[in-house]
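What you see below is based on every heavy atom in this structure, not just the backbone, and it leaves out hydrogens, waters and symmetry mates.
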Amino acid sequence: MLKNNIPSGKLEDKWKNQVFESSLINPANRKKFSIIIVGSGLAGASAASALAEAGYQVKLFCLQDSPRRAHSIAAQGGINSAKNYKNDGDSIYRFFYDTVKGGDYRAREAGVYRLAELSLNVIDHCVGIGVPFAREYGGYLDNRSFGGTQVERTFYAKGQTGQQLLLGAYQGVMRQINEKNIIMHTRKEMLDLVIIDGKARGIIVRDLLSGEIESHCSDAVILGTGGYANLFYLSTNAKPSNGTAIWRAYKKGAAFANPCFTQIHPTCIPISGDHQSKLTLMSESLRNDGRIWVPKNLNDKRVPAEINEIDRDYFLERNYPNFGNLVPRDVAARSIKRICDDGFGVGSSGLSVYLDFKDKVSSLGKAYLEEKYGNLFQMYEKIVGDDPFKSPMRIYPAVHYTMGGLWVDYNLMSSIPGLFVLGEANFSEHGANRLGANALLQGLVDGYFIIPITLGNYLAHSNLKPVENNNSDFQEAKNIVNKSTQNLININGSKLADDFHEKLGKLMWDSCAMARSKEKLEFSLKEIKKIKDEFWNDLKLPQAANTMNQELEKAARVGDYIELAELMCFDALAREESCGSHFREEYQTENGDPKRNDKNFSHIAAWKYNGNKKSPERIIEELVFEYCRPTQRDYR
């Protein structure tokens with residue numbers, strides 16, 4: 001049974017009541033508690049700096065050689081907040097409504113409202129620590145629009161917002177390292193969770209340089225390891241980003257919620273060949289000033305400059321006149337896919353559309369676009385070789401973000417006591433589709449403002465017994481990890497992990513990405529079993545385990561991806577409706593929009609691991625909508 005622990009009372013009072021009613025730990029006593037944080041992106045770094053500043057002893061782990069290399073640094077477009085500096089009708093409630101609607105009514109109202117409410121604090125905090133947000137001439141922070149809204153609530157730093165926010169959090173981490181309140185562990189990968197007396201008490205990690213398996217104990221564990229979009233092989237995520245930490249926690253008993261809710265970003269640089277290891281995002285913010293179009297005539301091979309306005313189809317503006325190019329990501333991605341499938345796509349493959357800035361260059365000039373998006377235009381030109389000021393960008397959807405993740409309650413605690421999950425690693429707030437610029441916000445809200453309250457309340461009531469790294473539970477966990485690592489080495493086959501990963505990724509892109517169906521999903525489940533069998537019989541690892549071995553790292557992650565892909569297909573097959581990013585071809589309106597089934601599927605689907613030889617158990621948490629009544633999502 002999943003207990004979400006949402007406090008009673010009016011929507012706008014729930015978090016205030018929770019904060020007041022939470023038990024506190026005296027500042028002098030906080031230094032007695034040690035906290036492990038896995039992941040040093042926005043969620044992990046903000047939590048580490050906030051908790052260490054409060055006096056807790058923090059052990060921070062990351063895959064990279066520095067927290068500055070976390071994938072959060074790649075976020076481009078912005079961070080949302082209901083400050084209403086533009087005086088255009090925004091409010092906490094409107095932000096709440098846009099996010100619940102944007103997620104196609106598959107998120108908890110209480111969590112979404114708290115996200116909107118605390119968004120005000122995040123901007124103030126980030127300005128206070130020196131994040132250089134863009135400003136208007138008069139000195140006010142500037143805003144721009146993102147998809148799924150009709151107001152301007154997105155704060156930004158050109159196309160480098162994630163980088164600037166992460167550097168702000170990183171400064172806080174480094175200050176606390178200097179104060180001896182944070183011990184930084186770089187180049188370590190979590191491979192198991194240690195549970196003692198039913199509570200999370202530590203982790204097992206592999207040193208990525210020496211290969212040594214280590215154990216680390218604590219009073220609570222926080223995961224801020226991001227999502228699992230790299231399961232698809234090609235995504236906009238950094239190559240080291242992976243789902244191993246949350247998957248190993250799932251196999252220790254943490255429920256996994258809505259795994260099939262994966263977001264496809266509409267504006268990415270198209271695939272150029274088999275040589276690619278990842279894809280590159282072009283920020284959604286570009287849809288503020290760029291117009292998406294294709295030629296009206298089939299097989300029109302003229303260069304864009306030769307195609308007159310009368311021969312251009314601005315299909316998003318035509319189909320969705322109220323929102324135009326700023327429809328939510330799932331709507332834009334499906335529309336782009338549909339028009340390319342109908343044969344109107346451009347480029348040699350026909351799998352792209354134009355994102356054109358001609359009108360803004362003509363009306364406001366090149367300098368205006370350089371001021372707002374300069375580095376994005378430079379990035380596109382370096383990768384593609386075309387100048388987007390002179391010729392339109394070509395874009396196509398790509399896997400970007402995962403709304404699914406470990407199930408957490410209102411306090412961000414998983415179904416394992418003492419295991420907290422922040423940011424993209426958990427499933428909360430975004431429902432079936434994330435609105436752009438809400439990801440950075442969620443990571444910082446979770447880390448800076450929620451976890452210091454909810455973790456303290458947990459520790460105050462936990463009655464934890466002291467544990468040491470040489471405890472028998474830790475020794476047993478280390479032995480299991482060593483054995484599983486050696487099992488991979490001993491396969492001694494002929495194919496590298498990337499071969500299996502690419503095969504799995506293509507299969508999942510075809511069956512469980514922008515469009516799903518019962519037939520495709522059932523076929524994929526059969527194919528995944530074949531890939532799994534082949535992986536465990538023909539994997540090739542060229543080196544030993546007790547050294548730096550990137551092939552071993554990849555192999556362990558791919559083994560987890562294969563199992564996770566199976567769970568994603570189970571989840572997509574069981575959810576017999578279309579909602580947000582989960583588009584089942586059998587369930588759509590006459591206009592081709594998702595057709596929800598609120599009677600049977602207005603719930604969170606969480607999966608419980610039952611061992612390798614048994615199917616996972618599907619548990620549901622019913623969603624109750626008191627303030628934002630579900631309606632057919634219409635952006636026309």
Side-chain angles (χ1 to χ4, degrees), residues 34-41 43-45 47-48 58-67 69-72 182-196 199-228 230-231 237-238 240-254 256 405-406 408 414 416 418-426 467 469 471 473-485 488 545 548-550 552-561 563-564 609:
S34 65
I35 313 298
I36 283 175
I37 300 178
V38 187
S40 62
V58 175
K59 303 171 187 176
L60 181 59
F61 294 79
C62 73
L63 285 172
Q64 302 85 1
D65 58 355
S66 166
R69 294 188 185 275
H71 182 61
S72 300
I182 294 178
I183 299 174
M184 186 76 224
H185 296 271
T186 59
R187 303 294 288 156
K188 313 275 189 184
E189 180 164 23
M190 174 182 157
L191 296 181
D192 206 357
L193 177 73
V194 179
I195 300 173
I196 299 175
K199 297 181 176 70
R201 296 303 305 272
I203 60 173
I204 306 298
V205 301
R206 181 174 184 270
D207 186 304
L208 298 182
L209 297 179
S210 69
E212 183 181 355
I213 304 299
E214 305 171 354
S215 61
H216 297 269
C217 62
S218 64
D219 296 306
V221 176
I222 297 172
L223 300 184
T225 52
Y228 48 93
N230 272 342
L231 178 149
N237 285 218
S241 300
N242 65 83
T244 285
I246 59 173
W247 188 250
R248 302 295 171 92
Y250 161 74
K251 295 182 79 170
K252 276 299 182 73
F256 205 120
L406 292 185
V408 292
S414 72
I416 298 174
L419 176 65
F420 294 83
V421 191
L422 314 184
E424 191 180 356
N426 74 33
V467 298
N469 284 337
N471 181 297
D473 296 277
F474 283 92
Q475 291 301 319
E476 182 182 353
K478 283 178 68 175
N479 292 338
I480 291 172
V481 169
N482 272 312
K483 184 178 178 181
S484 62
T485 301
L488 288 170
M548 184 177 181
N549 188 342
Q550 291 186 320
L552 176 59
E553 294 170 35
K554 289 191 286 186
R557 295 166 193 166
V558 172
D560 292 336
Y561 282 146
E563 295 178 354
L564 176 51
Y609 181 67

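Closest non-hydrogen pair, Thr186 versus Ser66, comes out as CG2-N, 4.4 Å. Nearest heavy atom pair, residue Ser40 against residue Cys62, reads OG-CB, 3.2 Å. Summarising the geometry of Phe474 relative to Ile204, their closest heavy-atom pair is O-CD1, 4.0 Å, with the distance given to 0.1 Å. Contact between Ala249 and Leu419 at its shortest, heavy atoms only, is CB-CD2, 4.0 Å. Shown here for Leu422 and Ala47, the closest heavy-atom pair between the two residues is CD1-CB, 3.6 Å. Residue Ile246 comes nearest to Leu406 through the heavy atom pair O-CD2, 3.5 Å, listed as atom of the first residue, atom of the second, then distance.
Looking at Leu552 and Leu488, their side chains come closer than 4.5 Å, going by heavy atoms from C-beta outward. Contact of the Glu214 side chain with the Lys478 side chain is not registered, since no non-hydrogen atoms from C-beta on lie closer than 4.5 Å. Side-chain atoms of Asp219 and Arg201, non-hydrogen and from C-beta on, do get closer than 4.5 Å to each other. Put simply, the side chain of Val194 does not reach to within 4.5 Å of the side chain of Ile203, judged on heavy atoms.
One finds the CD1 atom of Ile195 at 5.0 Å from the CG atom of Leu193 (value rounded to the nearest 0.5 Å). Of the inter-residue distances, the one linking Met548 atom CE with Leu208 atom CG reads 8.0 Å to the nearest 0.5 angstrom. To the nearest 0.5 angstrom, Tyr609 atom OH is 14.0 Å from Phe256 atom CZ. Distance check, rounded to the nearest 0.5 Å: CG of Asp473 to CD1 of Ile196 gives 4.5 Å. Considering NZ of Lys554 and CG of Asn549, their distance stands at 10.0 Å, rounded to 0.5 Å. In this structure, CD1 in Ile182 is found 8.5 Å from CE in Met184, a value given to the nearest 0.5 Å.
Between the side chain of Asn479 and the backbone N or O of Gln475, at least one donor-acceptor pair lies under 3.5 Å. Between the side chain of Thr225 and the backbone N or O of Gly39 there is no donor-acceptor pair closer than 3.5 Å. Side-chain N or O atoms of Asn230 include none that pairs as donor or acceptor with a backbone N or O of Asn242 at under 3.5 Å. Under the 3.5 Å distance criterion, the side-chain polar atoms of His71 are matched with a main-chain donor or acceptor of Ala238. In this structure, the side chain of Asn426 engages the main chain of Val421 through a donor-acceptor pair within 3.5 Å. In this structure a side-chain-to-backbone donor-acceptor pair under 3.5 Å is present from Arg206 to Ala545. Between the Lys59 side chain and the Cys217 main chain, a donor and an acceptor come within less than 3.5 Å of each other. Ser241 contributes no side-chain N or O that, together with a main-chain N or O of Asn237, makes up a donor-acceptor pair within less than 3.5 Å.
With sequence neighbours excluded, the residues that form a side chain to side chain contact (heavy atoms under 4.5 Å, CB included) with Glu476 are Ile480.
Of the listed residues (Lys483, Lys252, Lys251), just one forms a salt bridge (Lys or Arg N to Asp or Glu O under 4.0 Å) with Asp192, and that residue is Lys252. Among the candidates Asn482, Val205, Thr244, the single residue satisfying the side-chain contact (heavy atoms from CB on, under 4.5 Å) test with Leu191 is Thr244.
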Legend entry - Trace of the side chain to side chain contact (heavy atoms under 4.5 Å, CB included) decision for Leu63 with Lys188: CA-CA 5 Å; Leu63 285 172; Lys188 313 275 189 184; over 6 Å; no
Inset, instruction - Start with the C-alpha distance between Ile222 and Ile36, add both sets of side-chain angles, then the distance that settles side chain to side chain contact (heavy atoms under 4.5 Å, CB included), and finish with yes or no. - result: CA-CA 6 Å; Ile222 297 172; Ile36 283 175; over 6 Å; no
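Taking the six-membered ring where the residue is Trp, Phe61 and His185 present parallel rings, their angle staying beneath 30° rather than reaching 60°.
Heavy-atom neighbours of Arg187 CZ from other residues, nucleotides or ligands within 6.0 Å: above the threshold of 12.
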